[in-house]
K.L.:
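Structure in structure tokens, see below.
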Amino acid sequence: MVRVRLEFSGGLELLFGNQKECEVDVPVASGQQELTAGHLILWARDNMLQERPELFVKGNSVRPGILVLINECDWELCGAGESTISEGDHVVFISTLHGG
Amino acid sequence: MVRVRLEFSGGLELLFGNQKECEVDVPVASGQQELTAGHLILWARDNMLQERPELFVKGNSVRPGILVLINECDWELCGAGESTISEGDHVVFISTLHGG
Amino acid sequence: RAPPRHGLSRAQAERYSRHLLLPAFGVAAQERLCRGSVLIVGCGGLGSPAAMYLAAAGVGRLGLVDHDSVDVSNLHRQVMHSTARVGMHKALSGRLTCAAINPTVQVEAHVCGLSPASALALVDGYDVVIDASDNPATRYLVSDACVVAGKPLVSAAAVGTDGQLTVYNHGPDGPCYRCLFPESPSPENCSRCGEAGVLGVVPGVMGCLQALEAIKLLSGVGEVASKKLTLFDALSGRFTTVRLRGRSPGCVACGASPALTRASLPDYDYVLFTGQPPDDGPPPDLQLLDAAARL
Amino acid sequence: RAPPRHGLSRAQAERYSRHLLLPAFGVAAQERLCRGSVLIVGCGGLGSPAAMYLAAAGVGRLGLVDHDSVDVSNLHRQVMHSTARVGMHKALSGRLTCAAINPTVQVEAHVCGLSPASALALVDGYDVVIDASDNPATRYLVSDACVVAGKPLVSAAAVGTDGQLTVYNHGPDGPCYRCLFPESPSPENCSRCGEAGVLGVVPGVMGCLQALEAIKLLSGVGEVASKKLTLFDALSGRFTTVRLRGRSPGCVACGASPALTRASLPDYDYVLFTGQPPDDGPPPDLQLLDAAARL
Ligand SMILES: [Zn+2]
Ligand SMILES: [Zn+2]
């Protein structure tokens with residue numbers, strides 16, 4: 001199990017029971033040594049999402065328009081879906097906004 | 001020696017050669033086990049201050065109107081001048097502003 | 001159509017529709033705003049955005065306090081005034097702007113500024129107070145009056161490229177201005193816009209944040225910035241929030257046995273205490289030509 | 001007295017005196033502002049404070065773009081418009097307000113909005129562009145036009161109680177909007193003010209921060225928020241800054257072999273690409289009465 005601090009913002013929290021922050025224990029995928037960001041997304045979909053999964057996930061990743069931040073860093077800087085998530089990491093899913 | 005990340009803001013940086021942030025190695029006072037915030041203030045006055053020490057120090061502490069923050073916390077919450085400063089701590093001296 | 005089950009008129013429901021749509025806000029919060037009142041002390045760089053956004057948001061009654069009139073050197077940051085209003089009283093100019101944005105809001109101009117003699121009567125008349133002033137004497141006076149009158153105080157300041165924001169005198173143990181600064185800084189330790197200059201948009205950011213805190217206080221929505229100080233460094237674009245001490249038991253204003261009371265406040269000498277008159281420092285012309293030549 | 005050794009008139013030196021006094025700013029930075037120009041795409045919640053503060057700061061030429069007119073439901077956040085101007089074109093109303101603040105600034109109203117056919121000609125005419133629009137089709141168009149024209153883009157958005165800010169297409173490897181969002185979100189993934197509501201002061205804060213970034217870009221003072229995204233959570237009062245990816249070599253707009261060029265951009269179908277028209281979502285009346293009744 002890996003303890004992760006999850007955060008949802010930009011409206012995504014509405015899909016997760018209006019919860020903006022939580023701490024969760026996420027199991028490592030069977031056959032894997034480490035938890036990846038990609039696996040975390042699928043785990044959050046299956047275990048936390050309360051409505052409309054099609055607004056959070058597309059294929060094995062997040063929907064277009066959603067940024068994933070690992071420890072205050074764009075996940076593209078550390079491997080996107082392949083990024084390793086370690087104990088205590090802070091992962092933010094944020095929907096880009098268009099309004100003004 | 002204790003390595004401390006120092007920051008000056010709200011105009012105080014002007015007394016320190018217009019330097020907003022720096023890392024310094026501060027010796028523990030002779031006869032003491034640990035570095036205290038009070039000693040750090042006197043050390044900064046003697047080793048870093050470039051002008052008008054009377055605008056930074058009064059007696060053995062900072063001037064009225066200056067807040068001291070240790071690791072993003074008001075030093076009054078951890079002992080003011082008696083607070084222990086540990087390796088890697090972040091200490092901010094900030095002058096309160098009055099303008100609008 | 002059935003009549004609406006709330007206290008907003010059809011015109012209000014239309015004007016505030018984007019607040020009503022907000023799950024976190026909604027009708028009840030908007031009704032509290034519309035019934036609430038805010039006193040804004042200072043119609044300058046902070047007071048301009050604070051007043052405009054609170055008028056726009058529908059706060060029922062706004063009080064605008066200033067003793068000064070619009071100067072052309074104000075206009076780079078005090079966006080509720082205009083060039084045609086140079087020489088007009090700032091509180092009156094502010095009232096015109098706020099009323100134009102939202103004529104359904106009551107805006108009261110207090111053109112004599114805040115004095116120890118008048119402060120309590122003014123502060124008593126509003127739910128929330130915003131300190132948008134520009135000098136230590138007024139800052140201590142506003143804080144003391146809020147403590148005596150039992151009103152939360154949204155305080156901000158901006159000088160140079162730095163901004164600061166906190167809410168005083170809120171909740172069971174929120175500190176007042178004197179809890180943080182029991183002793184007045186000496187005049188040489190005070191950074192003021194007239195001396196140090198100010199990047200105009202910095203009070204813009206801070207004044208908007210003051211309006212937000214006032215909206216939170218009135219509506220009951222969100223976390224109020226009590227025992228927290230938000231620092232803004234405009235050049236790096238960085239905001240930092242730090243934790244502040246709680247109420248000090250020995251505070252002469254809000255402590256266990258306060259020296260400052262409804263009876264004593266009107267006679268307190270804030271000019272003597274701070275060593276400075278309630279204004280924004282020396283006239284700028286002394287330094288201006290020098291500064292302008294520094295190319 | 002000797003004549004001033006700089007290019008500011010005596011009236012300008014007086015108006016901008018608080019900028020001139022700033023050690024970090026001074027005359028040279030003010031002169032660059034006065035010679036600079038900014039195009040503001042969108043005269044709504046973000047565009048209002050951005051335009052007002054840039055006019056006040058003395059940016060030489062401002063372009064205000066909108067295709068819409070003032071509606072009463074805008075007034076809770078779009079503080080450069082007034083109740084008397086309901087029905088007036090937003091770019092014209094904005095021009096009146098900016099000119100009243102600072103008549104020495106040139107303000108151009110572009111009342112047809114931004115279209116693929118017109119975008120490049122508009123963006124070519126200014127030094128810095130501010131995206132203060134309210135829909136994905138316009139956001140992709142503004143970004144593409146800035147990449148093709150080689151202009152930095154100060155982008156912000158505000159919906160609900162959240163705000164976001166970054167600068168695109170700046171520096172040797174700053175990303176563009178498409179580097180971050182190569183694929184358009186589906187319409188259901190788009191939060192817009194007309195649907196989700198917005199706390200009025202949130203675009204106030206974000207629009208001021210946009211003005212600040214534009215001032216940094218023009219003046220050369222301070223750190224520009226390139227490859228950094230600032231997030232604002234108004235309910236908690238929390239700002240977070242996160243590090244963003246650099247330019248993507250495969251980006252169709254700013255990559256090594258871009259599909260989007262000066263020749264192809266005018267024919268690009270942004271409505272098809274985003275699946276949404278360039279507006280702010282469904283008319284509010286559909287949901288408004290429901291929302292208003294939700295007490
Ligand atoms: Zn106190
Ligand atoms: Zn790109």
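A, B, ... follow the sequence lines: proteins, then strands. Residue 1 opens every chain.
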K.L.:
Who among C/G207, C/G222, C/A56 has the most heavy-atom pairs with chain D under 4.5 Å?
P.N.:
C/A56
K.L.:
Which of these passes side chain to side chain contact (heavy atoms under 4.5 Å, CB included) with D/C208: C/V202, C/V205, C/V79?
P.N.:
C/V205
K.L.:
Distance from D/Q30 atom CD to C/H76 atom NE2, nearest 0.5 Å?
P.N.:
9.0 Å
K.L.:
If you take all heavy atoms of C/R77 and D/Y53, which pair is closest and at what distance?
P.N.:
O-CE2, 3.6 Å
K.L.:
Side chains of D/M52 and C/M52: closer than 4.5 Å at any heavy-atom pair?
P.N.:
yes
K.L.:
Would you indicate whether the side-chain heavy atoms of C/L209 and D/F232 approach each other to under 4.5 Å?
P.N.:
yes
K.L.:
Does C/R15 reach the side chain of D/S73, with side-chain heavy atoms less than 4.5 Å apart?
P.N.:
no
K.L.:
Name the option with the most non-hydrogen atom pairs under 4.5 Å to chain C; the candidates are D/D71, D/T83, D/L75.
P.N.:
D/T83
K.L.:
Just wondering, do D/T230 and C/R238 contact through their side chains at under 4.5 Å, heavy atoms?
P.N.:
no
K.L.:
Is C/E223 close to D/L235 at the side-chain level, that is, under 4.5 Å between some pair of heavy atoms?
P.N.:
no
K.L.:
Is the ring pair C/F239/D/F239 parallel, tilted or perpendicular, if the boundaries are 30 and 60 degrees?
P.N.:
parallel
K.L.:
Can you say whether D/A225 sits under 4.5 Å from chain C via the side chain, the backbone, both, or neither, judging by heavy atoms?
P.N.:
neither
K.L.:
Heavy-atom distances under 4.5 Å only: say whether C/A234 touches chain D with side chain, backbone, both or neither.
P.N.:
both
K.L.:
Restricting to non-hydrogen atoms, name the atom on D/G160 and the atom on C/L22 that form the minimum distance, rounded to 0.1 Å.
P.N.:
CA-CD2, 3.3 Å
K.L.:
So, taking the atom named CZ in C/R18 and the one named CD in D/Q78, what distance separates them when rounded to the nearest 0.5 Å?
P.N.:
9.0 Å
K.L.:
Please determine which of D/V198, D/L199, D/T161 meets the side chain to side chain contact (heavy atoms under 4.5 Å, CB included) test together with C/F25.
P.N.:
D/L199
K.L.:
For C/I215, is it the side chain, the backbone, both or neither that has a heavy atom under 4.5 Å from a heavy atom of chain D?
P.N.:
side chain
